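Presented below is the structure to which this report refers.
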Amino acid sequence: MTDQAVADPVHTFIADTLAQHDVVLFMKGTPDAPRCGFSSLAVQILDHIGAPFVGVDVLQDENLREGIKAFTDWPTIPQLYVKGEFVGGSDIVREMFNAGELQALMAEKGVPLGQED
């Protein structure tokens, strides 16, 4: 990470959020009220497998919306992180879920499934 990235308050916020929570979904809207179909799909999948997660609404802050894209060099939102590791967007999350890989990743990382937050 460059010195500039370390000093960037948006990157600091993202890094702190990832450090504090096992599963984080940077999304448009909130888990209770997603504001795009892709974010809604990711929330539905996480809810379905019972993954406890924190949703971060990127629509609240333009700097955050652009910053999360730069943070991972990934152009779309939502973005799912498990134990600080970038997993992917809604298409990847859906594919992993359908193949059973998302559930396996959660288990491998020690994230308990099937529990309400």
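Note that the structure is a prediction, hence the values are computed from the model and not measured.
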Once you round to the nearest 0.5 Å, how far does [atom1] of [X] lie from [atom2] of [Y]?
| X | Y | atom1 | atom2 | answer |
| --- | --- | --- | --- | --- |
| Leu41 | His48 | CG | NE2 | 12.0 Å |
| Phe26 | Thr72 | CZ | OG1 | 9.5 Å |
| Thr76 | Phe38 | OG1 | CZ | 8.5 Å |
| Leu25 | Asp57 | CG | CG | 10.5 Å |
| His11 | Ile14 | NE2 | CD1 | 5.5 Å |
| Ser90 | Gln44 | OG | CD | 11.0 Å |

Quick note, salt bridge (charged side-chain N to carboxylate O under 4.0 Å, His left out) partners involving residues 68-84, not counting sequence neighbours, are Asp22-Lys83, Glu66-Lys69
Scan for salt bridge (charged side-chain N to carboxylate O under 4.0 Å, His left out) pairs involving residues 26-46, sequence neighbours excluded, and state none if there are none. none
Closest heavy-atom contact between [X] and [Y]?
| X | Y | answer |
| --- | --- | --- |
| Met96 | Gln103 | O-OE1, 4.0 Å |
| Gly88 | Val93 | O-CG2, 4.1 Å |
| Val87 | Val82 | CG2-CG2, 3.6 Å |
| His21 | Val54 | ND1-CG2, 3.3 Å |
| Met27 | Gly55 | SD-CA, 4.2 Å |

Hey, does [Y] have a side-chain heavy atom less than 4.5 Å from the side chain of [X]?
| X | Y | answer |
| --- | --- | --- |
| Met106 | Val23 | yes |
| Leu18 | Phe71 | yes |
| Val56 | Tyr81 | no |
| Phe53 | Val43 | yes |

Under 3.5 Å: donor-acceptor pair, side chain of Ser40, backbone of Cys36: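 Not at all, since once roles are kept as given, no pair shorter than 3.5 Å links the two residues.
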When you group the ILVMFWY residues by side-chain heavy-atom contacts below 4.5 Å and let the links chain together, are Leu64 and Leu59 in the same group?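 Different hydrophobic clusters.
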